[in-house]
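Computed from heavy atoms alone, side chains included, the values below leave out hydrogens, waters and symmetry copies.
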Amino acid sequence: MQQADMVNKFINEKCIFGDVVEKIKNGTSPGIQAIDIQKQLGILRNNASGILNNLCKKGTLVKINSRPVTFLPYKIISRLYEQYNIPFKNIYTLQELQEKVIDERLNSQDPFACLLGYDSSLLYQVRQAKAAIVYPPKGLHTLLLGDSGVGKTTFAQAMHAYGMLVNNKNVNNYPFVTFNCADYFNNPQLLLSQLFGHSKNAFTGADHDKSGLVEKADGGVLFLDEIHRLPPDGQEMLFYLMDKGEYNRLGDSRKRKSSILIIAATTENPATALLNTFMRRIPVNIILPNYRDKPIAEKIEIIEYFFKYEAINLKHPVKIAPEVLKALALYEFSVGNIGQLRSEIRLLCATAFLEYLQNNQTIYINYQMLNKDIRTVLFNYAKMDKAVTCYLDMFSEDIEISPEEDSKITFAEVENNIYDVIVGKLNKLKEQGTTIENINDMLKNEIDTYLGGVNKYFSNSRSNITNLYKLVSKEVVDTTIQFIEYARRKLNVNFNNYFLFGLSLHIQALLKRSGQKLADDDRHLFKIKAEHPDEFEAAGEMVKLLTDKFGIIVPESEKGFLALLLCHSKIEADTSKIGVIVVCHGESTAMSMADTCNALLNTDLMKAIDMPLYQGVDETYRKLKAMVLTVNKDKGVILLVDMGSLLTFDKRLTADTGIKVKLIGAVSTPLALGVLRHVLYDVGDIDDIYIKESQKEQQENEPVKRKSLAVLAVCTTGKGSSIIVKNMLDELLDKYYVNSIKVFTVDYVNVRKNYELLSKKYNMVAAVGNIDPMLPIPFFPINQLVSEQVQQVFFHLLDGSMEGPVSLPKTTQIPTIYETAKELLEKYVKFVNPRHAIFKIRDFINVINYSPHNKNLTLDLIIHIGCALDRCVGKINITFDDLDKFYVINKELFVSIHKALRPIEEDYNIKVSDAEIAYIVKIITTYM
């Protein structure tokens with residue numbers, strides 16, 4: 001390993017996020033110094049300093065320009081950016097980091113603290129708003145920008161509340177008046193009347209004087225929502241008010257005074273929706289982020305807050321399935337943002353409350369209550385950002401939201417170092433002469449008390465993970481998640497949602513006490529090993545992982561502590577049914593079948609995935625994999641599929657997930673209904689059900705012996721593009737149809753004869769080439785088959801063994817024949833560089849003046865010459881039947897082609913054989 005790699009690895013292992021934050025708050029420069037490298041790795045300090053600075057220039061490390069100079073891994077700065085909005089740079093001062101990390105709230109009364117994300121995604125916006133409010137003499141006019149539902153009205157209310165706080169005023173002398181300009185959009189006169197008031201007889205119907213909102217807001221804030229709906233003359237009246245502090249009522253020439261701060265909001269682009277003269281009067285523009293742009297921890301906090309609000313309204317606890325929480329966090333809500341999220345949560349709670357009234361059971365929100373669009377977001381769970389899914393994987397059991405107000409408990413009241421708890425108690429019991437059996441019982445009680453305190457703190461905290469990250473580094477949290485996943489598989493149990501918090505704190509404490517002896521007598525651990533052998537074995541493996549991950553010596557006693565934590569945090573395994581999933585080709589085939597079966601048997605157990613025509617096999621597999629992981633309850637999953645590539649999914653899924661997956665093909669509604677009935681009412685396991693249904697399906701559908709499938713790769717000669725086509729098809733087909741579909745290369749002259757002969761033995765499914773051979777099977781042009789969209793149509797054709805014409809998708813941009821040829825040659829030739837060869841081939845085609853009526857013939861020639869060059873350079877010889885006779889018939893063209901090829905021969909230092917030239921002549925003469 002090179003010295004730079006050693007240094008980088010050392011720094012990444014030693015720098016823990018929680019320790020870095022703690023040092024910054026204490027005014028100590030965090031990170032690693034050059035002298036540390038010298039002591040630990042034996043690299044001279046000057047050399048170490050050079051390596052550190054080079055890694056900083058490359059962006060691997062960042063420098064803290066303090067005394068002494070220290071270095072941090074880039075991943076730490078990424079975390080600081082996420083949590084404290086620290087900008088990305090190569091060099092920081094300690095003061096810069098401190099300003100961001102130290103909490104800047106004025107006090108607990110800060111109105112902005114009520115905004116979810118005020119210290120995260122809204123951190124910069126809150127600073128803008130505060131600066132606008134306090135700017136003398138009465139603040140700066142502000143425009144709030146953002147899509148519908150991002151919370152512009154709530155943000156404006158917080159600005160007004162902050163203004164009351166810093167100015168020591170109340171709502172009477174600092175009013176907040178709100179007006180939506182869209183309410184009177186179709187009546188501009190009435191809109192302006194609402195804003196500025198009017199005098200008697202100012203317009204028809206104005207039978208008395210009326211004051212406007214500008215007058216009511218005097219001394220305070222006027223909030224104008226959807227300001228883009230205000231007509232130009234209204235905007236002009238408004239900026240006159242901003243400039244002069246004066247306005248006129250409609251129909252009244254008398255000037256009136258009003259001192260107001262305007263906060264406006266719009267969903268439109270202000271540069272096009274508002275007058276430039278108006279925009280110049282609004283110096284502060286605040287852009288509020290969309291829901292989809294917020295960090296995952298903040299999304300969970302928002303979701304929990306809205307469910308908490310509904311639980312308080314309902315005066316009942318609300319229980320939520322973990323899949324519901326995940327789906328709501330991952331769905332973008334692009335139409336209504338947070339407002340749409342709140343409406344969805346309110347609808348979910350209303351639906352669950354109705355069921356509660358009917359059956360008097362818990363108010364429970366399950367996955368099926370979500371609308372279809374939100375449900376389907378979990379289909380892509382497996383391919384999402386691992387940092388996001390690892391965070392969401394913490395929620396493995398139902399979450400209960402209580403209607404009671406949050407407790408005032410703080411973590412300072414909970415002992416957060418389990419070693420102090422256990423070791424202190426252990427020593428005290430030994431001094432009292434307590435027996436080993438009693439010591440173990442008392443230790444279990446201490447662990448229960450400790451975990452209960454941790455759970456109570458985090459369950460009563462509005463932002464669970466935010467508080468955890470303040471106490472524990474991300475590296476420790478990520479490692480803990482891996483431990484929990486390992487323990488789940490090893491012990492075949494689940495753990496409660498808050499086990500992550502207790503175990504994370506435990507590991508953090510272990511790292512801090514690295515090298516210290518925890519107890520001088522470990523006899524009690526033998527008792528733990530005897531009582532909980534499986535947990536003790538799992539703990540032993542976790543200790544090894546800790547040693548490898550953090551490079552520390554973990555004491556033997558740690559196995560006992562971990563075993564007790566595992567034992568006291570597990571919950572009973574889910575006893576749900578075997579999972580059943582239907583997967584079919586088509587837009588809604590599978591969904592319709594599953595809905596029918598579920599309705600007939602009064603369940604929602606059967607799930608479905610449809611495979612539309614242009615959806616790829618890989619995308620379908622990813623969706624299916626995510627659903628298998630979701631529905632599996634440790635009893636396996638039965639797949640019901642229709643045909644084709646789907647028939648191989650069971651083995652892939654079992655290999656990728658470790659879940660037992662059984663597959664039954666040729667699915668129909670009666671078959672699906674029979675499987676679902678067995679799953680719901682039989683006591684047998686997945687193998688029993690599979691054997692029953694698959695045997696019945698085989699008996700009812702005794703297959704007629706069918707011919708093997710085959711595809712024709714066609715070109716003029718059979719020696720050029722057809723070989724490329726065959727290689728391309730072999731590569732495509734091998735992925736999903738291993739050894740089950742043959743590809744034959746044929747030339748155009750003999751294509752019909754070969755087709756008739758092959759059809760006797762094979763089911764000829766399609767032809768691929770440059771010119772349609774006009775056979776009674778679908779034809780795919782090679783220049784289109786390179787497109788993934790067309791490939792998916794091709795796969796669907798193979799799956800269904802369809803015949804007749806096919807409709808290919810329209811491609812927005814078809815590459816030129818030379819680009820297509822280069823792309824194909826790059827993948828399938830061995831001895832020449834296609835990028836160079838293409839230019840030489842183009843010059844050759846220009847010299848011979850070859851311009852057939854069909855451009856695909858030119859593509860055929862380009863690919864053929866590319867293959868011929870590859871053979872010549874690689875010294876691979878070919879033959880041409882009746883070469884002498886062919887030469888005599890085409891002597892003139894033969895000579896001219898030979899002459900035009902000389903620059904290519906000289907460039908590649910090769911000799912193009914007469915047989916190769918003959919095939920080139922054959923291509924040119926075939927369609928003349």
Side-chain angles (χ1 to χ4, degrees), residues 613-614 616-617 644-645 707-759 761-811 814-815 817 819-829 854-864 866-867 923 926-927:
L613 184 60
Y614 300 132
V617 179
S645 53
K707 298 176 184 177
S708 299
L709 301 182
V711 177
L712 287 178
V714 191
C715 75
T716 307
T717 64
K719 300 289 185 182
S721 58
S722 63
I723 296 174
I724 294 286
V725 170
K726 184 180 188 312
N727 291 334
M728 181 173 71
L729 290 174
D730 284 341
E731 183 180 309
L732 288 172
L733 298 175
D734 188 57
K735 189 172 183 181
Y736 304 112
Y737 307 90
V738 182
N739 300 323
S740 61
I741 299 178
K742 292 281 186 182
V743 180
F744 294 98
T745 58
V746 295
D747 63 81
Y748 280 115
V749 174
N750 299 303
V751 65
R752 187 163 293 278
K753 176 182 175 183
N754 281 301
Y755 170 76
E756 291 173 355
L757 289 173
L758 289 168
S759 295
K761 186 176 179 181
Y762 297 94
N763 177 14
M764 307 306 296
V765 182
V768 181
N770 291 315
I771 301 295
D772 190 347
M774 306 304 291
L775 297 172
I777 54 176
F779 170 70
F780 288 79
I782 187 175
N783 64 325
Q784 291 192 40
L785 195 59
V786 296
S787 159
E788 287 189 9
Q789 264 191 315
V790 177
Q791 286 175 15
Q792 301 316 324
V793 176
F794 184 69
F795 289 144
H796 280 273
L797 175 74
L798 298 180
D799 280 354
S801 300
M802 298 181 293
E803 296 180 357
V806 294
S807 176
L808 299 182
K810 294 180 180 179
T811 53
I814 299 175
I817 55 175
E819 289 172 341
T820 302
K822 179 176 70 69
E823 183 179 338
L824 291 168
L825 290 170
E826 279 179 341
K827 291 190 69 175
Y828 300 111
V829 297
N854 191 320
K855 290 184 179 180
N856 287 323
L857 288 171
T858 305
L859 177 63
D860 196 29
L861 179 60
I862 297 168
I863 293 175
H864 179 91
C867 293
I923 293 174
T926 297
Y927 288 95

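The CG atom of D730 lies 10.5 Å from the CD1 atom of I741; values are rounded to the nearest 0.5 Å. Taking NE2 of H864 as the reference point, atom CD1 of I923 lies at 4.5 Å (rounded to 0.5 Å). Here the straight-line distance linking atom CD1 of I862 with atom SG of C867 works out to 12.0 Å at 0.5 Å rounding.
Two residues are said to be in side-chain contact when any heavy atoms from C-beta on lie closer than 4.5 Å; L712 and L775 meet this criterion.
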Report task. Kindly indicate, with the supporting measurements, whether the criterion side chain to side chain contact (heavy atoms under 4.5 Å, CB included) is fulfilled by N754 and F744. Result -> CA-CA 9 Å; N754 281 301; F744 294 98; over 6 Å; no
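D747 places a side-chain N or O within 3.5 Å of a backbone atom of N750 that can act as its donor or acceptor partner.
Pairing each heavy atom of I863 with each of A821, the nearest pair is CG1-CB, 4.1 Å. Of all non-hydrogen atoms in M764 and S759, the two that sit nearest each other are CG-OG, 3.4 Å.
The side chain to side chain donor-acceptor pair (under 3.5 Å) search around K822 returns none, not counting sequence neighbours. For Y755, the ring pair (Phe, Tyr, Trp, His ring centres under 6.0 Å) criterion is met by no residue, not counting sequence neighbours.
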